[in-house]
Amino acid sequence: MSDSYMREQAEALAQHLRLNDGKSGYVEATADGFQVYVRRKWTGKPLASWDGLPIEWHENVGTNKAANR
């Protein structure tokens, strides 16, 4: 799988989770799935996978981390 493909999927997942305001969180593509960093507890059941790849959730991360700074 290409890096650009993974980046596109991470972008699509961020859009899906509405994490594109640059503040509440972001999605990082890794070799074996996606890392989702969100500032607060995610209500409801977090997705376990996206595009067939596992998602690892990191909730309650600091503001700088959530903004990927």
Side-chain angles (χ1 to χ4, degrees):
M1 238 180 287
S2 76
D3 283 353
S4 62
Y5 174 79
M6 286 300 284
R7 268 197 304 277
E8 280 168 30
Q9 287 304 311
E11 193 61 40
L13 176 56
Q15 295 270 346
H16 178 75
L17 298 171
R18 291 181 174 65
L19 295 178
N20 41 11
D21 62 2
K23 288 188 292 291
S24 35
Y26 74 101
V27 179
E28 188 179 354
T30 64
D32 35 34
F34 301 99
Q35 305 286 323
V36 176
Y37 296 90
V38 287
R39 262 180 60 194
R40 55 183 78 80
K41 193 98 180 82
W42 196 263
T43 48
K45 183 156 175 22
L47 288 169
S49 65
W50 179 259
D51 195 41
L53 292 162
I55 296 174
E56 192 175 328
W57 287 78
H58 305 275
E59 297 173 313
N60 298 320
V61 298
T63 306
N64 284 352
K65 181 70 175 159
N68 198 9
R69 283 192 272 254

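Scanning all heavy atoms of the two residues, the minimum distance from Gly33 to Leu53 falls at CA-CB, 4.0 Å. Taking every heavy atom of both residues into account, Asn20 and Gln15 meet most closely at ND2-OE1, 3.0 Å. Residues Ala10 and Ala29 come closest through the heavy atom pair CB-CB, 4.0 Å.
The distance from the CG atom of Leu47 to the CZ atom of Phe34 is 11.0 Å, given to the nearest 0.5 Å. The distance from the OH atom of Tyr26 to the NZ atom of Lys65 is 3.5 Å, given to the nearest 0.5 Å. A distance of 10.5 Å separates CZ of Arg7 from CD of Glu11, quoted to the nearest 0.5 Å. Atoms CD and NE2, from Gln35 and His58 in turn, are 3.5 Å apart once rounded to the nearest 0.5 Å. Remark: Leu19 CG to Tyr37 OH distance equals 13.0 Å, nearest 0.5 Å. Between the CG atom of Leu13 and the CE atom of Met6 there is a distance of 10.0 Å, given to the nearest 0.5 Å.
Side-chain N or O atoms of Asp21 include one that pairs as donor or acceptor with a backbone N or O of Lys23 at under 3.5 Å. Side-chain atoms of Ser49 never come within 3.5 Å of backbone atoms of Gly52 as a donor-acceptor pair (strictly under, hydrogens ignored). Within the 3.5 Å criterion, the main-chain N or O of Gln9 finds a donor-acceptor partner in the side chain of Trp50. Between the Glu59 side chain and the Trp42 main chain, a donor and an acceptor come within less than 3.5 Å of each other.
With hydrophobic clusters built from ILVMFWY side chains whose heavy atoms lie under 4.5 angstrom apart, Val61 does not share a cluster with Val36.
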